[in-house]
Amino acid sequence: MATNADLISFNWTLVMNWVTIIVLFLVLKHFFFDKVHNFVIARQDAVKDVIDNAEATNRRADEKLDAYNKRIAGIEGEGREIIKNAKLKAESQAADILDEANKRAEALLDKALKEIEREKAQAITDMKNQIVALSLMAAEKIMEKDLEATGQDAFIDKIIEQAGTSGWRN
């Protein structure tokens with residue numbers, strides 16, 4: 001078996017290994033770790049810049065999308081307003097056309113009524129003249145004598161006047 005002295009013996013190889021590791025660590029730290037650390041920091045900064053640029057680009061894209069959506073909504077609103085105005089204008093024109101047609105129809109109706117009244121008055125006058133002529137012929141036959149021309153005119157006027165004021169009207 002081994003003795004206690006073998007377990008705790010001082011070994012120069014161990015010390016030299018530790019000195020080599022410390023020197024190697026200091027050399028690597030001075031020449032390598034700072035460069036690697038700077039490279040990692042630069043890479044982190046580059047990645048951060050790319051992410052920041054991407055986020056800024058996304059924000060600008062979102063802002064443009066919002067602006068375009070607002071524009072589209074505005075254009076849709078304008079389109080609805082144009083359609084509404086066109087509809088109102090068409091309704092107004094239709095109402096104007098109907099009013100004009102109604103006025104023309106009323107004018108034609110008034111003209112027709114006046115024409116009917118005129119023809120009715122003409123028919124009544126013609127009828128009175130025919131009645132007068134028939135009355136005269138009947139009176140001549142009854143009296144068996146001819147009336148004189150001068151007396152006939154006065155007699156006709158008197159009969160027409162009586163016919164106009166009495167029951168000759170329709």
Side-chain angles (χ1 to χ4, degrees), residues 31-170:
F31 291 110
F32 183 69
F33 289 155
D34 286 339
K35 289 182 182 180
V36 169
H37 179 69
N38 290 339
F39 173 76
V40 169
I41 296 292
R43 183 71 178 154
Q44 284 177 343
D45 290 342
V47 169
K48 185 179 177 187
D49 287 343
V50 168
I51 291 172
D52 291 343
N53 286 337
E55 288 176 355
T57 302
N58 284 340
R59 279 192 302 272
R60 285 193 303 266
D62 288 341
E63 289 170 0
K64 285 185 180 182
L65 180 63
D66 290 341
Y68 287 136
N69 287 338
K70 288 177 184 176
R71 227 167 134 191
I72 288 172
I75 290 170
E76 287 174 352
E78 288 175 16
R80 282 189 216 106
E81 189 66 28
I82 288 170
I83 291 171
K84 178 183 170 186
N85 289 340
K87 185 178 178 183
L88 291 175
K89 187 176 180 181
E91 288 173 356
S92 173
Q93 287 177 346
D96 291 345
I97 290 170
L98 285 175
D99 288 343
E100 183 65 28
N102 287 337
K103 287 178 185 176
R104 286 184 183 176
E106 286 179 22
L108 287 174
L109 184 61
D110 288 343
K111 185 178 177 183
L113 289 174
K114 287 178 183 177
E115 183 67 23
I116 289 170
E117 287 296 323
R118 187 187 62 76
E119 288 181 10
K120 183 179 175 183
Q122 182 66 37
I124 289 173
T125 304
D126 290 344
M127 188 173 61
K128 285 180 184 179
N129 289 338
Q130 288 177 0
I131 289 173
V132 167
L134 287 174
S135 297
L136 286 174
M137 282 176 38
E140 283 180 8
K141 290 280 186 182
I142 291 175
M143 297 173 115
E144 293 286 333
K145 69 176 193 180
D146 286 339
L147 294 175
E148 298 173 359
T150 58
Q152 187 177 4
D153 288 338
F155 183 67
I156 291 172
D157 288 339
K158 184 177 178 185
I159 291 176
I160 290 174
E161 187 177 310
Q162 287 176 354
T165 59
S166 65
W168 292 92
R169 293 185 186 165
N170 282 341

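No hydrogens, no waters, no symmetry mates; every other heavy atom, side chains included, goes into these values. Nothing fancy with the numbering, it's 1 onward along the sequence.
The line from NZ of K128 to CD of Q130 is 13.5 Å long, rounded to the nearest 0.5 Å. Remark: K111 NZ to K114 NZ distance equals 10.5 Å, nearest 0.5 Å. R80 contributes atom CZ, which lies 14.0 Å from atom NZ of K87 (distance to the nearest 0.5 angstrom). Note: L113 CG to L108 CG = 11.0 Å, rounded to the nearest 0.5 Å. The CD1 atom of I51 sits 10.5 Å away from the CD atom of Q44 when rounded to the nearest 0.5 Å. In this structure, OG1 on T57 lies 10.0 Å from NZ on K64, to the nearest 0.5 angstrom.
Using a cutoff of 4.0 Å between basic side-chain nitrogens and carboxylate oxygens, R104 and E100 are scored as salt-bridged.
A search for side-chain hydrogen bond (donor to acceptor under 3.5 Å, both in side chains) contacts involving E63 returns nothing, not counting sequence neighbours.
Although no hydrogens or angles enter the test, the distance criterion places no donor-acceptor pair under 3.5 Å between the side chain of S92 and the main chain of L88.
A side-chain donor-acceptor contact under 3.5 Å links D126 and Q122.
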Apply side-chain contact (heavy atoms from CB on, under 4.5 Å) to M127 and I131, showing your working. CA-CA 6 Å; M127 188 173 61; I131 289 173; 3.9 Å; yes
Go through the steps to decide whether E55 and D52 satisfy the test side-chain contact (heavy atoms from CB on, under 4.5 Å), and finish with yes or no. CA-CA 5 Å; E55 288 176 355; D52 291 343; 4.1 Å; yes
